[in-house]
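Got a structure here, written out as structure tokens. Questions coming.
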Amino acid sequence: MKVFVTGASSTPGFKIVVELAKAGYEVYACLLYNSHEIPHVDGVVKVKIDFVNEADKLVRVLNEIKPEIIIHTAALGDVDKCEVERLLAWRTNVEATYIIAKTSAKLNSYILHLSTDYVFDGEKGLYGEDDVPNPINYYGLTKLVAENIVRSSLNEFSIVRTSHIYGFGMGRENFARYVIRALSSGQRIRALIDQWLSPTLNTLLAKAIREIVEKRYTGIVHIAGERVNRYDFAKAIARRFRFDENLIEPISMSEIKFIAKRPKDSSLNTSKARTIIKTDFYNLKNSLDILYSEWLELQKRGAESAV
């Protein structure tokens, strides 16, 4: 079965590519021209497309491949950059999604669209799938519009909302990798004590997404980790990796001058997903155990690996 994965060099995207390839799918890994290259994986065909400037090529490639499944993870995820470069954010997060959804409908493909907790305003926390979105920054707005495009264009689709994806592999440095890099070299770090989220390990997210795809689940589902603030998350990482917790300093959101507003509590309620799939994506201890094992393996290799 053919699967087309966008954002294949991102933190979640590459793990999804590897997970599906190992499961025997014929995977087409779609990369942006300005993204990092990904290593060779058996059963994976690399495709480079500039989503912003090559809409025609995107349509042509999809029509040539005719994938039964499309997993759309590609997005401009830099929240502050989205706030400043709004046209780029709109073209990347909204217009590209429209093209993919429209083409998917013609091909009768099942599409899984990866979305975010930032569609919510953060005033409540532990948001369920039926809670009303109310984004407070432009990134969240573009992702909500993209969700609505997918919902209105297709009969067979899933929208997976997740939160603050972390882990080793491809993509820009995420919070957990920053914490590990800094603390392992004895550097002091600061972490927010009043921003709550649901950090999600990319390895487990990929496994959960494979289950969702294989069940052909239709609708919105939240797949994310336990509710925790950034400071406590950093402390949990330090404890598991046996780093010095005293190197972590608590700070408040008022001490940081963000360009874009951040939700105070965008944590997700994942009770629905935990009844649908078997992967334990939720438990923080389990996630950090896996992350630690991956880190030890990377240490043996002498450098961080994308796999």
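Note that the numbering runs from 1 along the sequence shown for the chain. Any value given below was found using the heavy atoms of this structure, including those in side chains, with hydrogens, waters and symmetry copies removed.
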Notebook entry, point to check: For T103 and I70, what are the C-alpha separation, side-chain angles and deciding distance, and is it a side chain to side chain contact (heavy atoms under 4.5 Å, CB included)?
Noted result: CA-CA 10 Å; T103 309; I70 297 174; over 6 Å; no
Item checked: Heavy-atom side-chain contact between F281 and T162 under 4.5 Å ->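 No. Closest side-chain heavy atoms not under 4.5 Å.
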Checklist line | Other residues, nucleotides, ligands: >12 heavy atoms within 6.0 Å of D130 CG | finding: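 Atom CG in D130 is not crowded, with 12 or fewer foreign heavy atoms closer than 6.0 Å.
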Notebook entry, point to check: Are side-chain heavy atoms of L31 and F14 found at a separation under 4.5 Å?
Noted result: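 No, every pair of side-chain atoms sits at 4.5 Å or beyond.
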Margin query: Counting only heavy atoms from other residues, nucleotides and ligands, does the tally under 6.0 Å from OH of Y292 exceed 12?
Written below: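 Check passes, neighbour count above 12.
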Item checked: Residues D194, K264: salt bridge by 4.0 Å N-O rule ->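 Looking at K264 together with D194, the answer is no, because their closest N to O distance does not fall below 4.0 Å.
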Notebook entry, point to check: Are the side chains of L183 and I248 in touch, meaning some heavy atoms are under 4.5 Å apart?
Noted result: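 Yes. Closest side-chain heavy atoms under 4.5 Å.
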Item checked: Other residues, nucleotides, ligands: >12 heavy atoms within 6.0 Å of K102 NZ ->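 At most 12 heavy atoms, drawn from other residues, nucleotides or ligands, come within 6.0 Å of this atom.
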Which atom pairs, donor and acceptor, lie under 3.5 Å between side-chain atoms of residues 23-30 and protein residues at least two apart or in another chain?
| from | atom 1 | to | atom 2 | distance (Å) |
| --- | --- | --- | --- | --- |
| Y25 | OH | E214 | OE2 | 3.0 |
| E26 | OE2 | Y28 | OH | 2.6 |

Margin query: Assigning hydrophobic clusters by single linkage (Ile, Leu, Val, Met, Phe, Trp, Tyr; side-chain heavy-atom cutoff under 4.5 Å), is F175 placed with Y231?
Written below: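 Same cluster: F175 reaches Y231 through Ile, Leu, Val, Met, Phe, Trp or Tyr contacts under 4.5 Å.
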Check: Are I189 and L247 close enough that some pair of their side-chain heavy atoms sits under 4.5 Å apart?
Finding: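 No - every pair of side-chain heavy atoms lies 4.5 Å or more apart.
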Notebook entry, point to check: Is the number of heavy atoms from other residues, nucleotides or ligands within 6.0 Å of NZ (K235) greater than 12?
Noted result: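 Atom NZ in K235 is packed in, count exceeds 12.
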Margin query: Looking at W90, I'd like to know if its CH2 atom is crowded, meaning that more than 12 non-hydrogen atoms belonging to other residues, nucleotides or ligands lie closer than 6.0 Å.
Written below: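 Atom CH2 in W90 is not crowded, with 12 or fewer foreign heavy atoms closer than 6.0 Å.
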Next item on the list: Check the angle between the aromatic planes of H72 and F51 and answer parallel, tilted or perpendicular using the 30° and 60° thresholds.
Entry: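 Tilted.
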Notebook entry, point to check: Are side-chain heavy atoms of E226 and S287 found at a separation under 4.5 Å?
Noted result: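 No, every pair of side-chain atoms sits at 4.5 Å or beyond.
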Next item on the list: Verify the neighbour count for atom CG of N155: are there more than 12 heavy atoms of other residues, nucleotides or ligands below 6.0 Å?
Entry: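 Result for CG/N155: open.
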Item checked: pair I180-F243: side-chain heavy atoms closer than 4.5 Å ->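 They are in contact (side-chain heavy atoms under 4.5 Å apart), so the answer is yes.
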Check: Hey, is K143 close enough to D117 for a salt bridge, meaning N to O under 4.0 Å?
Finding: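 Salt bridge flag = no for D117 with K143.
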Checklist line | Test: K57 and D50 ion pair at under 4.0 Å | finding: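 Salt bridge flag = no for D50 with K57.
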Notebook entry, point to check: Got Y282 and L268 here, is their nearest side-chain heavy-atom distance under 4.5 Å?
Noted result: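 Y282 vs L268: side chains apart.
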Checklist line | Check: S158/Y110 side-chain N/O donor and acceptor closer than 3.5 Å | finding: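 Yes, because at least one side-chain N or O of S158 sits under 3.5 Å from a partner of the opposite role on Y110.
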Item checked: Under 4.5 Å side-chain linkage, directly or through intermediates, the cluster mates of I256 ->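 ILVMFWY cluster around I256 also holds L192, I251, M253, F258.
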Next item on the list: Return each pair, listed once, that meets side-chain hydrogen bond (donor to acceptor under 3.5 Å, both in side chains) where at least one residue sits in residues 179-189; pairs must be two or more places apart or across chains.
Entry: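 Pairs touching residues 179-189 that pass the test: E173-R181, S185-Q187.
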